[in-house]
**Student:** 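First the structure, which I've put down as structure tokens, then a few questions once you've had a look.
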Amino acid sequence: MLAWTALVALVPYVLAAPASSDCTGTISSLDDVADAVQCTTVNINSFTVPAGETFSLSLLQGTTVNMQGNVAFGNETWSGPLFEVTGDDITFNGNDYIFDGGGPFYWDGLGTNGGVTKPHPMMKVEISGTMTDVHVVNSPAQCFSVSNPAALTMSGTIVDNSQGNLPNSKSNGTAAGHNTDGFDVSANDLTITNSTVINQDDCLAINRGTNLVFSNNYCATGHGISIGSITSNVIVSGVVISGNTCYNTQQGFRIKTDAAATNSTVSNVTYSNNKATGVYDYGVLMTQSYPASFGTPGNGVNITDISFTGGATTIETNSSATMVAVDCGEGSCDGTWDWSGLTVSGGKTGAIDNCTVITGFTQ
Ligand SMILES: *[C@@H]1O[C@H](CO)[C@@H](O)[C@H](O)[C@H]1NC(C)=O
Ligand SMILES: *[C@@H]1O[C@H](CO)[C@@H](O)[C@H](O)[C@H]1NC(C)=O
Ligand SMILES: *[C@@H]1O[C@H](CO)[C@@H](O)[C@H](O)[C@H]1NC(C)=O
Ligand SMILES: *[C@@H]1O[C@H](CO)[C@@H](O)[C@H](O)[C@H]1NC(C)=O
Ligand SMILES: *[C@@H]1O[C@H](CO)[C@@H](O)[C@H](O)[C@H]1NC(C)=O
Ligand SMILES: *[C@@H]1O[C@H](CO)[C@@H](O)[C@H](O)[C@H]1NC(C)=O
Ligand SMILES: *[C@@H]1O[C@H](CO)[C@@H](O)[C@H](O)[C@H]1NC(C)=O
Ligand SMILES: *[C@@H]1O[C@H](CO)[C@@H](O)[C@H](O)[C@H]1NC(C)=O
């Protein structure tokens, strides 16, 4: 038996000789992951993740990830996620390589509202740092779920679910892809920029968080740029939506709060320099009747300080679309709503209910 003093004497040597993380780990199959994440450089080669398993990276602080090939996922009806990454101060270089979710295998026009179980979210991102040039094709349903632990910038992301716009044998003539949200955000200090989403649901959906920037992105064929839907007991505050383009989307810009939600706030949202064309439902929709677009609003969520300023936001809608509609609960849309930077044309004039604070805009 070792004397206590001998044990104490050993401690410094044990602490002084940790396995070095200053190494490069290479992943060519899931079997390589456990060793690779002991290193602060992780290279990902092209491989197929076995069906029913998550490609999960739990990274050391300061790790750089380099994709060096495309990643595919075996097809199986299960709940996912297909890929998840966690870690602080991460540099994730997608290098324009592709994560292929195998969407056509799952798509039945019903998304996560019915039909077969679809892995979702496809990509669960819980890192701080940067994530650059990651491409995703054919997410089974919702694509990115982002809840970063500290500041994160995602740029050059592509979500291409354009194939889901076509019907297939199971979708009865409707788009086969459904609920394929681009980015679902519950996070603080997040910037999403220079990215592209072609899909069948929200390009961006902010569920909660503060200090969020969505800039210079391109959104096509989905439901446009959204805050919400907002449930009970959440705060969304300090959102900048600027320089984005929506093309052939259901909405341009929307805030949707659940009719039944209580004790939540959405505040300090600024839209500037955005453009939307081919919008076919609502150019701008602020509704507290969700899931109805325009119905019986609740007033348990306060929406304050919503502005279109700092550079024109220009929206052209279809002739059958409503240009602007505001459906607030009594007393729950308040503060400064300076809409002097908003120009909308092409569609029908909508109602503005329970919201008398809009200035600088008449339709
Ligand atoms: C999964 O199915 C889709 C659709 O049939 C296909 O495009 C994809 O290549 C399949 N994935 C794999 C890994 O076989
Ligand atoms: C297609 O039709 C089938 C059979 O009626 C139904 O179960 C399914 O929900 C429909 N799917 C869509 C997307 O409407
Ligand atoms: C986004 O694109 C612009 C124009 O190409 C570029 O100046 C900027 O650095 C990019 N931002 C990021 C975070 O990559
Ligand atoms: C109201 O929401 C906040 C979070 O925004 C939460 O901390 C608080 O507990 C909620 N209040 C009630 C009564 O649930
Ligand atoms: C509103 O949000 C912007 C952007 O996040 C922030 O700079 C500003 O301080 C916020 N204003 C208030 C009054 O909180
Ligand atoms: C409305 O927009 C949709 C989507 O862009 C388009 O397919 C449709 O043809 C347009 N309809 C009209 C009446 O302009
Ligand atoms: C919403 O505003 C009302 C009226 O100003 C206030 O009484 C209530 O506390 C606010 N709710 C939240 C969650 O801030
Ligand atoms: C105003 O809000 C209340 C709920 O707070 C709702 O019952 C009413 O229908 C709203 N008014 C209009 C014109 O929508």
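All of these numbers come straight from a predicted model, not from anything done at the bench.
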**Student:** Exactly one of Leu204, Ile227, Val239 should register a side-chain contact (heavy atoms from CB on, under 4.5 Å) with Val185. Which one does?
**Tutor:** Leu204
**Student:** Applying disulfide (SG to SG under 2.5 Å), which residue pairs with at least one partner in residues 158-192 are found, sequence neighbours left out?
**Tutor:** none
**Student:** With rounding to the nearest 0.5 Å, note down the distance linking OG1 in Thr231 to CG in Asn207.
**Tutor:** 7.0 Å
**Student:** Counting neighbours of CD1 on Ile235 that are heavy atoms of other residues, nucleotides or ligands and sit closer than 6.0 Å, is the number greater than 12?
**Tutor:** no
**Student:** Any idea which heavy atoms bring Asn148 and Asp189 closest together, and the distance?
**Tutor:** ND2-O, 3.4 Å
**Student:** Taking all non-hydrogen atoms of both residues into account, name the closest pair between Phe361 and Leu342 and its distance.
**Tutor:** CD1-O, 3.6 Å
**Student:** Return yes when the gap between the SG atoms of Cys23 and Cys39 is under 2.5 Å; return no otherwise.
**Tutor:**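 Yes, Cys23 links to Cys39 through a disulfide.
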**Student:** Kindly assign one of parallel, tilted or perpendicular to the pair Tyr218 and Tyr247, based on the angle between their ring planes and the thresholds 30° and 60°.
**Tutor:** parallel
**Student:** If we ignore angles and hydrogens, is there a donor and acceptor under 3.5 Å between the side chains of Asn138 and Gln163?
**Tutor:**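 Yes, side-chain donor-acceptor contact under 3.5 Å.
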**Student:** Residues in side chain to side chain contact (heavy atoms under 4.5 Å, CB included) with Thr336, at least two apart?
**Tutor:**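 Partners of Thr336 under the side chain to side chain contact (heavy atoms under 4.5 Å, CB included) test: Asp305, Asp338.
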**Student:** So, applying side-chain contact (heavy atoms from CB on, under 4.5 Å) with Gln288, which one of Asn302, Val266, Asp327, Ile303 is it?
**Tutor:** Ile303
**Student:** For Phe73 and Phe55, I'd like to know if the aromatic rings sit close, meaning centre-to-centre distance below 6.0 Å.
**Tutor:**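 No, the ring centres sit 6.0 Å or more apart.
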**Student:** So, does Ser237 use its side chain to make a donor-acceptor pair with the main chain of Thr210 at under 3.5 Å?
**Tutor:** no
**Student:** Evaluate whether the separation between SG of Cys246 and SG of Cys219 stays below 2.5 angstrom.
**Tutor:** no
**Student:** Parallel, tilted or perpendicular, judged at 30° and 60°: which one describes the rings of Phe92 and Phe99?
**Tutor:** tilted
**Student:** Nearest heavy-atom pair of Ala175 and Gly164: which atoms, and what distance?
**Tutor:**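 In terms of heavy atoms, the two residues are closest at CB-O, 3.4 Å.
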**Student:** Counting neighbours of CG on Asn113 that are heavy atoms of other residues, nucleotides or ligands and sit closer than 6.0 Å, is the number greater than 12?
**Tutor:**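 More than 12 within 6.0 Å, yes.
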**Student:** With no hydrogens and no angle check, just 3.5 Å: does a side-chain donor-acceptor pair link Asn165 and Thr221?
**Tutor:** yes
**Student:** Under 3.5 Å, side chain of Trp107 to main-chain N/O of His178, donor-acceptor pair present?
**Tutor:**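 Side chain of Trp107 to backbone of His178: no pair is present.
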**Student:** Say whether Thr193 and Ser215, considering side chains only, have a donor N or O and an acceptor N or O under 3.5 Å apart.
**Tutor:**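 Indeed, the side chains of Thr193 and Ser215 share at least one donor-acceptor pair under 3.5 Å.
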**Student:** Could I get the full list of side-chain hydrogen bond (donor to acceptor under 3.5 Å, both in side chains) partners for Thr64, not counting sequence neighbours?
**Tutor:** none
**Student:** Side chains of Asn161 and Ser139: any donor to acceptor distance under 3.5 Å?
**Tutor:** yes
**Student:** Distance alone, cut at 3.5 Å: any donor-acceptor contact between the side chains of Thr112 and Gln142?
**Tutor:**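 Yes - a donor-acceptor pair under 3.5 Å links their side chains.
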**Student:** Would you say the side chains of Thr277 and Glu316 form a donor-acceptor pair under 3.5 Å?
**Tutor:** no
**Student:** Please name the residue in the list Asn66, Val65, Asp32 that meets the side-chain contact (heavy atoms from CB on, under 4.5 Å) test with Asn43.
**Tutor:** Asn66
**Student:** Please find the pair of heavy atoms, one from Pro140 and one from Met122, that lie closest to each other, and give the distance.
**Tutor:** CD-SD, 3.9 Å
**Student:** Establish, from distance only, whether the side-chain atoms of Ser28 and Asn45 form a donor-acceptor pair under 3.5 Å.
**Tutor:** yes
**Student:** Do Thr54 and Glu84 have side-chain atoms, one donor and one acceptor, less than 3.5 Å apart?
**Tutor:**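 Side chains of Thr54 and Glu84: no pair found under 3.5 Å.
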**Student:** Under the side chain to side chain contact (heavy atoms under 4.5 Å, CB included) test, which residues partner Leu110, sequence neighbours left out?
**Tutor:**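 Only Asp108 meet the side chain to side chain contact (heavy atoms under 4.5 Å, CB included) criterion with Leu110.
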**Student:** Can you pull out every salt bridge (charged side-chain N to carboxylate O under 4.0 Å, His left out) where at least one residue sits in residues 193-221? Sequence neighbours excluded, please.
**Tutor:**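 Every pair satisfying salt bridge (charged side-chain N to carboxylate O under 4.0 Å, His left out) with a residue in residues 193-221: Asp202-Arg254, Asp202-Lys256.
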**Student:** Looking only at heavy atoms, which two atoms of Val301 and Ile230 are closest? And how far apart?
**Tutor:** CG1-CG2, 4.1 Å
**Student:** Which donor-acceptor pairs under 3.5 Å do the side chains of residues 290-298 make with protein atoms, sequence neighbours left out?
**Tutor:**
none

